[in-house]
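To start, the structure under review is shown below, and the notes come after it.
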Protein chains: 2
Amino acid sequence: MISDPQQRDQILDVFPFLRAASPDFREALFDTATSMRLPAGHLICQDGSQCAALPLVIAGTGRVYKLGENGREITLYRIEPGESCVVTASCILSDRPFPAFAECETEVEALVVRPNDVRRWMADSAPWRAYIFGLIAERLQEVFGVLDAVLFQRLDQRLIARLLSLRTASPTREIRMTHQALAVELGSSREVISRVLKGLEGQGLLRATRGLIELLDIPELERRARDG
Amino acid sequence: MISDPQQRDQILDVFPFLRAASPDFREALFDTATSMRLPAGHLICQDGSQCAALPLVIAGTGRVYKLGENGREITLYRIEPGESCVVTASCILSDRPFPAFAECETEVEALVVRPNDVRRWMADSAPWRAYIFGLIAERLQEVFGVLDAVLFQRLDQRLIARLLSLRTASPTREIRMTHQALAVELGSSREVISRVLKGLEGQGLLRATRGLIELLDIPELERRARDG
DNA sequence: TGCGCTCAGTGACTTTGTCACCCTCGCTTG
DNA sequence: CAAGCGAGGGTGACAAAGTCACTGAGCGCA
């Protein structure tokens, strides 16, 4: 139950589709959903387990990833404010185990919806349906994209692309991130990332120091991300 | 418009969820959907293009795959009678381009549903929703599984698993398939498959001749598919 | 018989992942 | 302060997989 008017407003801001929905639906949602605060690192879903609820992220980010037996892992996508892990949703709607891990990357504030409500609203509310489907399709595309990258693209190109995209958030030329973290993003291993970075450094495209990567020749990096 | 009573019965047999649906819905479906026959090899969807309709497969099988620039490809999943390419559905429902290729593997007879009907029935019919969601979740799991296999499993193990699963359909010890076809299934290349097969042959686990693979030591192969 | 096609084998090389081990930096703590 | 420790990073040797270029084997067919 969400009763605080301020929090309601915040939720409406983060989930614009709610404004398009009927007042009845909004009331039902505020009535039955609960708000939760989860610490960074909290495991939301385990590979192979059933999902007990659908969290809609209000603040913070979640991360969904696959983990191999060897311990290697790869990030599939992130869940930003206003989004939700729709893979969870589809698992709820069809009673299947979740096929990956989901965890809080930062502290997360989420609106938690019960499986039965998820189901009911799929029938009752067109905006809710549109919201869920939009997310499903988006995730599907992201996962397909990851698969494509892993199978068909060279690691150096993928790494460059990722470095550039990490930069777009705050368009500086410095990226504060460990090699290990980059390996996890790309589904590779630390040693390999180190090697590739060293190669790029040797070509004068960037400079890597402990926990920091400085992009030197951004135009050339962009060219490589495009053409190979 | 499906008017032939025999064809209607066939469709009800292939899509059991229709029997659970209301007569109104069934009528609407038979009224607005059309039946189509596509030749083997026909391209249903291209990577990056919009989907114009949702085909429900009545007979034959479709194949959905990713294609790399280099020409390498990987099969993501198949669409059997009674199923449908829900990635298409999710693309339709959210107006996004299709992120892979879909083609007819055999001649395919399909029930073609217009995007607007897909959308409308999501609102009107609970069985239709359950059907679509079930498929979406199933596909998602298959794709996640492929990603997992590609990233974290050794090729020999994957190959063995695939050979065994190909056999389950007709549980003989012979598999009629080219190395190239196996490569496409697993997202590898012919040469590599040839090498791996040769390795397994050297260990006396199977025998490979032109277009035919004969499994010799099935218990050991099963053990390897499990334990590595 | 010879031609052309699909299918498969091979060797050299590159890219990527793995393993074992080392180093360095920054911090805590006795 | 020195010792120790943990996180981050470097390295070399090797294994697994993909790529390229080429060869040859089987098979149908004019």
Side-chain angles (χ1 to χ4, degrees), chain A residues 41 66-75 146-163 174-203 206-214 224 228, chain B residues 41 66-75 146-163 174-203 206-214 224 228:
Chain A
K66 264 283 187 193
L67 194 58
E69 304 141 3
N70 33 20
R72 226 163 97 214
E73 83 186 64
I74 184 167
T75 299
V146 170
L147 190 59
D148 194 285
V150 166
L151 263 172
F152 304 127
Q153 262 166 250
R154 295 179 43 117
L155 189 58
D156 52 359
Q157 202 176 343
R158 287 204 287 143
L159 177 55
I160 291 173
R162 183 59 65 116
L163 288 174
E174 294 186 351
I175 295 155
R176 213 159 277 283
M177 204 165 177
T178 69
H179 297 187
Q180 177 61 45
L182 283 166
V184 162
E185 287 306 301
L186 301 176
S188 177
S189 61
R190 181 190 56 80
E191 300 94 313
V192 176
I193 297 293
S194 287
R195 275 206 291 265
V196 174
L197 281 175
K198 176 151 288 266
L200 296 173
E201 188 165 11
Q203 297 167 59
L206 52 77
R207 188 161 35 199
T209 55
R210 192 185 177 83
L212 179 72
I213 295 164
E214 188 183 354
R224 295 216 192 178
Chain B
K66 264 284 186 192
L67 195 58
E69 303 143 4
N70 33 19
R72 225 163 100 214
E73 86 188 61
I74 184 167
T75 300
V146 170
L147 189 59
D148 193 285
V150 165
L151 263 172
F152 303 127
Q153 264 167 250
R154 294 178 45 117
L155 188 59
D156 51 0
Q157 203 176 343
R158 288 204 288 143
L159 177 54
I160 290 174
R162 184 58 66 115
L163 289 174
E174 295 187 348
I175 295 155
R176 214 159 277 284
M177 205 166 176
T178 69
H179 297 187
Q180 177 61 45
L182 284 167
V184 162
E185 287 305 302
L186 301 176
S188 177
S189 62
R190 182 189 57 78
E191 299 94 313
V192 176
I193 297 294
S194 286
R195 274 205 290 264
V196 174
L197 281 175
K198 175 151 291 266
L200 297 174
E201 188 165 11
Q203 297 168 60
L206 52 77
R207 187 161 37 201
T209 55
R210 191 186 176 83
L212 179 73
I213 294 165
E214 188 183 353
R224 294 218 193 177

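None of these values were measured; they are calculated from a predicted model. Values below: all heavy atoms of this structure, side chains included; hydrogens, waters and symmetry mates excluded. Reminder, nothing fancy here: chain letters follow the sequence lines and each chain counts from 1.
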- Message: Reading DNA chain C from 5' onward, which residue's closest nucleotide shows up sooner: A:Arg158 or A:Arg210?
- Response: A:Arg158

- Task: Verify the contact: side-chain N or O of A:Arg195 to OP1 or OP2 of D:dT11, cut-off strictly under 4.0 Å; return yes or no.
- Result: no

- Item | Integer-rounded Å distance: D:dA16 P and B:Leu200 CG | 13 Å

- Could you tell me the separation between the CG atom of A:Leu182 and the CG atom of A:Leu155, rounded to the nearest 0.5 Å? 10.0 Å

- Task: Scan A:Arg190 against the nucleic acid and name what it touches under 4.0 Å (heavy atoms): base, sugar-phosphate only, or nothing.
- Result: base

- Item | B:Arg72, CZ atom: more than 12 neighbouring heavy atoms under 6.0 Å | yes

- Query: Can you check the B:Gln153 CD to C:dG17 P distance for me, whole Å?
  - Reply: 16 Å

- Taking only the side-chain nitrogens and oxygens of B:Asn70, find out if one of them lies under 4.0 Å from OP1 or OP2 of D:dT19. yes

- Separation of A:Arg176 atom CZ from D:dA7 atom C1', in whole Å? 16 Å

- B:Thr178 side-chain N/O to C:dT6 phosphate OP1/OP2 under 4.0 Å: no

- d(CZ, B:Arg72; P, D:dC20) in whole Å: 11 Å

- Can you tell me how far P of D:dT19 sits from CD of B:Glu73, to the nearest Å? 13 Å

- Query: Should B:His179 be listed as having a side-chain N or O under 4.0 Å from OP1 or OP2 of C:dT6?
  - Reply: no

- Roughly how many Å is it from CD1 in A:Ile193 to P in C:dT15, rounded to a whole number? 15 Å

- Item | Whole-Å distance separating the CD1 atom of B:Ile74 from the P atom of D:dG18 | 10 Å

- Task: Check every strand shown and say whether A:Arg154 touches a base, only sugar-phosphate, or nothing at a heavy-atom separation below 4.0 Å.
- Result: sugar-phosphate

- Message: Assuming nearest nucleotide by heavy-atom distance, tell me which of A:Glu191 and A:Leu155 is located more 5' along DNA chain C.
- Response: A:Leu155

- Item | B:Ser194 side chain near C:dA8 phosphate (N/O to OP1/OP2, under 4.0 Å) | no

- Calculate the interatomic distance between B:Gln157 atom CD and D:dA17 atom P; express it in whole Å. 10 Å

- Message: Nearest 0.5 angstrom please: B:Thr178 OG1 to B:Arg190 CZ, how far?
- Response: 9.5 Å

- Message: Rounded to the nearest 0.5 Å, what separates atom CD1 in B:Ile213 from atom CG in B:Leu159?
- Response: 7.0 Å

- Message: Nearest to the B:Ser189 side chain among D:dG10, D:dT19, C:dG17, which nucleotide is it?
- Response: D:dT19

- Message: side-chain contact (heavy atoms from CB on, under 4.5 Å) for B:Arg162 and B:Met177? Distances and angles first, verdict last.
- Response: CA-CA 12 Å; B:Arg162 184 58 66 115; B:Met177 205 166 176; over 6 Å; no

